[in-house]
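Notes for the one structure printed next.
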Amino acid sequence: MKEIKNNSFQNMEEQQVYLSRVLEYIKTNKKTQPKACVETYGCQQNVSDSEHIKGMLVSMGYALCDDTDEADFVLFNTCAVREHAEARVYGNLGALKHNKRRNPDMIIAICGCMVQQAAVCERIKKSYPYVDIVFGTHARHRLPEFVYKTIFDKKRVFEISEQESEVIEDIPIHRDGDLKGWLPIMHGCNNFCTYCIVPYVRGREHSREPSEIIKEVKEMVAEGFREITLLGQNVNSYGKGEAHGVNFAKLLRMINDIEGDFKIRFMTSHPKDCTEELLDTMAECEKVCHNLHLPMQSGSDRILKLMNRHYDTEKYYHLIEYARKKMPDISLSSDIIVGFPGETYEDFCETLRMLKKVRFTSLFTFIYSKRDGTPAAIMDDPVSREEKGKWFKELLLVQEKISKENYKDVIGKTFRVLCEGEGREDGFMAGRTDSNMVIEFKGDNTLYGKYLDVKVTELTNVLKGTII
Ligand code: SAH
Ligand code: SF4
Ligand code: F3S
């Protein structure tokens with residue numbers, strides 16, 4: 001067997017050696033195949049990382065399961081974006097103590113954005129002695145090495161160094177679905193929005209090579225995937241500073257040119273880097289869904305400046321108008337933060353005004369959560385949590401009214417949907433439009449994975465329609 005070199009962490013080659021050693025160990029020492037359970041918190045980037053983690057676990061000989069009580073290996077892939085996300089992880093980690101007592105041979109691992117923070121890593125080291133492996137976002141491909149060390153050295157493993165590697169290719173993958181799949185085109189973030197922890201825990205932006213992305217899309221299409229979502233914290237800055245000179249719009253065209261009946265989605269787009277070129281490209285590429293998630297965060301120019309977002313409401317609204325001119329059927333969604341430090345009720349009302357002006361199809365709304373180490377964490381924040389809660393409810397009501405009105409507008413219209421699975425009622429299947437609306441219609445499983453034209457007929461607690 002090949003020798004393992006020290007500190008050669010920059011690719012998968014060394015990991016393959018650890019991987020085969022663990023596999024050999026499991027095959028010779030375990031009477032039944034051990035089970036692994038991976039729980040994922042946070043954004044799609046994390047969901048995608050977990051697919052690679054599952055890929056590595058399966059290659060090491062584990063079977064996958066969904067229940068921590070059944071598992072011999074439990075891994076939490078964590079998120080640090082808001083306090084609530086972290087609190088859930090601590091709670092669930094506490095519950096694993098009993099599992100470990102019942103099954104002392106089990107391995108417990110925790111990874112991802114939350115543990116990339118040194119203080120969190122320390123807390124786990126001290127207060128959760130039954131956690132065996134802790135590794136940050138820059139070490140995710142090194143799971144085989146960590147499992148190997150846990151089994152053979154019988155020592156706890158902590159690896160959260162900030163040393164970034166270039167993009168790591170060829171990590172095994174076990175995809176969650178067979179119809180819709182994630183495809184990261186870049187990692188990290190350079191934007192440092194003042195409220196956000198992501199750039200600190202994910203490191204700087206690195207784009208994957210266009211050839212690697214194209215290769216993966218082709219593989220997915222050949223496997224039968226019908227919808228591919230390109231992922232990045234800011235896909236609009238894809239390729240910046242890379243020698244290949246392919247920007248995001250060009251990449252979309254290259255993917256659009258790949259043969260096959262599939263659709264392309266992407267997220268997230270930062271408004272500061274969203275260009276008319278990109279919107280023209282979306283309009284011209286028939287495989288790209290006319291759906292744009294463009295996080296606005298706030299409708300107050302003063303707050304946008306404090307957030308370090310590098311656009312104002314005028315630029316934002318221009319993008320919306322341009323997108324709608326080029327793609328009248330486009331659906332728009334956004335992220336909004338309520339209660340950023342120093343935000344006044346007047347600022348908040350500016351956000352409401354923008355929401356009424358733009359009329360998003362859907363909205364993801366968050367109450368500001370203080371993240372230590374970010375610039376906003378030391379800004380004056382005089383408004384109480386209770387007051388912010390009231391504003392938040394007011395915002396939800398405004399958006400609810402808009403969404404209801406939007407929904408009424410779709411009755412009688414025909415949409416092309418991808419049939420994704422069974423509907424809520426017997427004898428009904430569910431399909432999703434480009435704009436992420438779910439429509440249910442009569443049919444059976446033979447429709448799964450097909451694109452269908454469905455006319456919306458009524459709105460009960462779900463949208464119902466008939467196949468044309
Ligand atoms: N890269 C994406 C967003 C990633 S985080 C982008 O720039 O659009 C997803 C959303 O979480 C953000 O858009 C923001 O609305 C919200 N968010 C991030 N940090 C937050 C914080 N500290 N408190 C509350 N919401 C936050
Ligand atoms: Fe966070 Fe801003 Fe980067 Fe998005 S663009 S991940 S909000 S710093
Ligand atoms: Fe959370 Fe990390 Fe994503 S902090 S939102 S899982 S990039």
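One-based numbering, in listed order, for ligands and for the atoms of each.
Ligand 1 has a nitrogen or oxygen under 3.5 angstrom from a nitrogen or oxygen of D335. Inclusion of N234 in the set of residues having an N or O under 3.5 Å from an N or O of ligand 1 is not warranted. Residue contacts with ligand 1: Q297 is placed with a nitrogen or oxygen under 3.5 Å of a nitrogen or oxygen of the ligand (distance criterion only).
Within the structure, ligand 2 has R309 among the residues with a heavy atom less than 4.0 angstrom away. Residue contact check for ligand 1: N191 places no non-hydrogen atom closer than 4.0 Å to it.
Between E159 and F146 there is a side-chain heavy-atom pair separated by less than 4.5 Å. Between Q45 and M267, the closest side-chain pair of non-hydrogen atoms is not below 4.5 Å. D372 has its side chain out of reach of I197: every pair of non-hydrogen atoms, C-beta onward, lies at least 4.5 Å apart. Proximity of L183 to V217: side-chain heavy atoms (C-beta onward) are separated by under 4.5 Å at one or more points. Between F348 and I303 there is no side-chain heavy-atom pair separated by less than 4.5 Å.
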Verdict with supporting geometry, R208 and E169, salt bridge (Lys or Arg N to Asp or Glu O under 4.0 Å): CA-CA 9 Å; R208 291 177 70 193; E169 296 292 350; 2.9 Å; yes
side-chain hydrogen bond (donor to acceptor under 3.5 Å, both in side chains) assessment of Y41 paired with E39: CA-CA 7 Å; Y41 302 79; E39 274 189 15; 3.0 Å; yes
Stepwise ring pair (Phe, Tyr, Trp, His ring centres under 6.0 Å) check, F192 with Y200: CA-CA 8 Å; F192 291 96; Y200 304 90; 5.3 Å; yes
Derivation and outcome, side chain to side chain contact (heavy atoms under 4.5 Å, CB included), residues C37 and F73: CA-CA 6 Å; C37 174; F73 187 109; over 6 Å; no
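Within the 4.0 Å heavy-atom criterion, both parts of V81, backbone and side chain, lie near ligand 1. In P199, the part holding a heavy atom less than 4.0 Å from any atom of ligand 2 is the side chain. Under 4.0 Å from ligand 1, heavy atoms of Y195 appear from its side chain as well as its backbone. Heavy atoms of Y195 found under 4.0 angstrom from ligand 2 belong exclusively to the side chain. At a heavy-atom cutoff of 4.0 Å, ligand 1 is contacted by the side chain of R309 but not by its backbone. Looking at S369 against ligand 1, both its backbone and its side chain come within 4.0 Å, counting heavy atoms. Counting heavy atoms under 4.0 Å from ligand 1, residue Q233 touches it through both backbone and side chain.
In this structure, R156 fails the cation-pi test against Y130, since its NZ or CZ atom is not both closer than 6.0 Å to the six-membered ring centre and inside 45 degrees of the ring normal.
Residue C189: an N/O/S atom is found under 2.8 Å from atom 3 (Fe) of ligand 2.
Among all non-hydrogen protein atoms, the one lying nearest atom 1 (Fe) of ligand 2 is C196 SG, 2.3 Å. Atom 2 (Fe) of ligand 2 has as its closest protein heavy atom C193 SG, 2.3 Å. Ranking the protein heavy atoms by distance from atom 11 (O) of ligand 1 puts R82 NH1, 3.0 Å first. Counting protein heavy atoms only, atom 5 (S) of ligand 2 is closest to N191 ND2, 3.5 Å. Of all protein heavy atoms, the one closest to atom 8 (O) of ligand 1 is P295 CG, 3.0 Å.
Contact check on D132 versus K155 returns no salt bridge, with no Lys/Arg side-chain nitrogen under 4.0 Å from an Asp/Glu carboxylate oxygen. Ion pairing between a basic and an acidic side chain is recognised when a charged N comes within 4.0 Å of a carboxylate O; E145 and K149 show such pairing.
Listed by number with element, the atoms of ligand 2 under 4.0 angstrom from any heavy atom of H270 are 5 (S). Each of the following atoms of ligand 1 lies closer than 4.0 Å to a heavy atom of Y368: 23 (N), 24 (C). Using a 4.0 Å cut-off to heavy atoms of F192, the atoms of ligand 2 that qualify are 8 (S). Close contacts of ligand 1 with R371, meaning ligand atoms under 4.0 Å from a residue heavy atom, involve 22 (N).
Tested against Y195 for a side chain to side chain contact (heavy atoms under 4.5 Å, CB included), the candidates Q297, M379, K370 yield a single pass: Q297. For the salt bridge (Lys or Arg N to Asp or Glu O under 4.0 Å) with E227, the qualifying choice from R432, R265, K287 is R265, the only one to do so.
For K393, the NZ atom counts as loosely surrounded, since its 6.0 Å shell holds 12 or fewer non-hydrogen atoms of other residues, nucleotides or ligands.
In this model, no donor atom of one side chain and acceptor atom of the other lie less than 3.5 Å apart for N406 and S403. No side-chain N or O of E343 forms a donor-acceptor pair with one of Y368 less than 3.5 Å apart.
For atom 1 (Fe) of ligand 3, the set of protein N/O/S atoms nearer than 2.8 Å consists of C79 SG, ordered by chain and number.
The heavy atom nearest to atom 24 (C) of ligand 1, out of those in I367, T268, V198, T365, is found in I367. For the residues R371, Q233, Q44, Q117, the heavy atom positioned nearest atom 7 (S) of ligand 3 is part of Q233.
Aromatic ring pairs are classed by plane angle as parallel below 30°, tilted from 30° to 60° and perpendicular above 60°; the pair Y316 and Y311 is tilted.
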